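First up is the structure itself, then whatever we jot down about it.
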Amino acid sequence: MGRIRGRDTGPEMTVRQLLHAMGYRFRLHARDLPGKPDIVFRSRRVALFVHGCFWHRHDCGLAYTPKTRAEFWQRKFDGNVARDRRTKRELEVAGWRVVTVWECQLGDLASLAGRLAKELGPQGKQGRRAGPISKARRSAQKTRDQAKPSRR
């Protein structure tokens with residue numbers, strides 16, 4: 001188990017490449033958030049986790065229990081699932097939306113891209129004006145222009 005990585009895994013890299021190709025920009029492994037989400041969209045307040053089906057017990061064919069030391073593995077898996085639930089709850093209480101991508105969903109990237117686009121909303125910068133200058137800014141600009149001494 002010492003060789004199992006917690007970050008920059010194959011599935012995580014695939015999701016990151018997909019999101020980047022879709023035009024989304026994000027931060028990685030935010031230490032200040034519970035559970036250190038794999039991908040963070042701060043302006044959207046979305047925390048995205050990329051879970052391996054085996055380790056986090058997704059109900060697909062990839063989540064099997066090894067034959068040897070079954071009790072050890074069951075305790076390990078139960079602890080992982082409990083930690084995932086606790087982390088999700090803490091993030092939601094703090095006002096974050098939690099999205100989980102499972103390893104088995106990477107087989108159909110087009111479907112995953114559609115789901116992520118629906119979960120995250122439109123690409124580009126959130127919370128910033130994309131249209132014309134607002135009335136208040138025009139008014140402030142007009143006031144500044146009038147206050148400037150004329151150069152004649």
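Numbers for residues simply follow the sequence, beginning at 1. Not measured: the values here are computed from a predicted model.
Between Val15 and Asp38 there is no side-chain heavy-atom pair separated by less than 4.5 Å. Side-chain atoms of Glu119 and Arg97, non-hydrogen and from C-beta on, do get closer than 4.5 Å to each other. Between Lys88 and Phe49 the shortest side-chain heavy-atom distance does not fall below 4.5 Å. Within the 4.5 Å cutoff, the side chain of Val98 has no heavy atoms near those of the Thr87 side chain. Looking at heavy atoms from C-beta onward, Leu116 lies in side-chain contact with Leu48 at the 4.5 angstrom threshold.
Annotation for Pro122 and Arg44: closest pair O-NH2, 2.7 Å, computed over non-hydrogen atoms. Nearest heavy atom pair, residue Cys53 against residue Ala63, reads O-CB, 3.4 Å.
To the nearest 0.5 Å, atoms CZ (Arg83) and NE2 (His56) are separated by 6.5 Å. In this structure, CG in Leu62 is found 10.5 Å from CZ in Phe54, a value given to the nearest 0.5 Å. To the nearest 0.5 Å, atom CZ of residue Phe72 and atom CZ of residue Phe77 are 8.5 Å apart. Put simply, CG on Asp8 and CG on Leu28 are 7.0 Å apart, with the number rounded to the nearest 0.5 Å. Interatomic distance, Arg27 CZ to Leu33 CG, rounded to the nearest 0.5 Å: 13.0 Å.
The side-chain hydrogen bond (donor to acceptor under 3.5 Å, both in side chains) with Glu12 is formed by just one residue from the set His51, Gln17, Arg7, His29; it is His29. The only member of Glu103, Gln105, Arg16 that meets side-chain contact (heavy atoms from CB on, under 4.5 Å) when paired with Pro11 is Glu103.
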Worksheet item: Given Lys76 and Trp55, is the side-chain contact (heavy atoms from CB on, under 4.5 Å) satisfied, shown in steps?
Response: CA-CA 9 Å; Lys76 175 97 177 125; Trp55 295 104; 4.1 Å; yes
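Leu109 is connected to Val99 through a chain of hydrophobic side-chain contacts under 4.5 Å among Ile, Leu, Val, Met, Phe, Trp and Tyr, so both are in one cluster. Val46 and Met22 fall within the same hydrophobic cluster, defined by Ile, Leu, Val, Met, Phe, Trp and Tyr side-chain heavy atoms under 4.5 Å apart, directly or through other members. With hydrophobic clusters built from ILVMFWY side chains whose heavy atoms lie under 4.5 angstrom apart, Val50 does not share a cluster with Trp102.
Between Phe26 and His20, the ring planes lie perpendicular to each other; the angle is over 60°, past the 30° to 60° tilted range. Between Tyr24 and Phe41, the angle of the ring planes goes over 60°, which puts this pair in the perpendicular group of the 30/60° scheme.
No salt bridge links Arg115 with Asp108; every basic N to acidic carboxylate O contact stays at or beyond 4.0 Å.
Within the structure, salt bridge (charged side-chain N to carboxylate O under 4.0 Å, His left out) contacts touching residues 56-68 (residues at least two apart or in different chains) do not occur.
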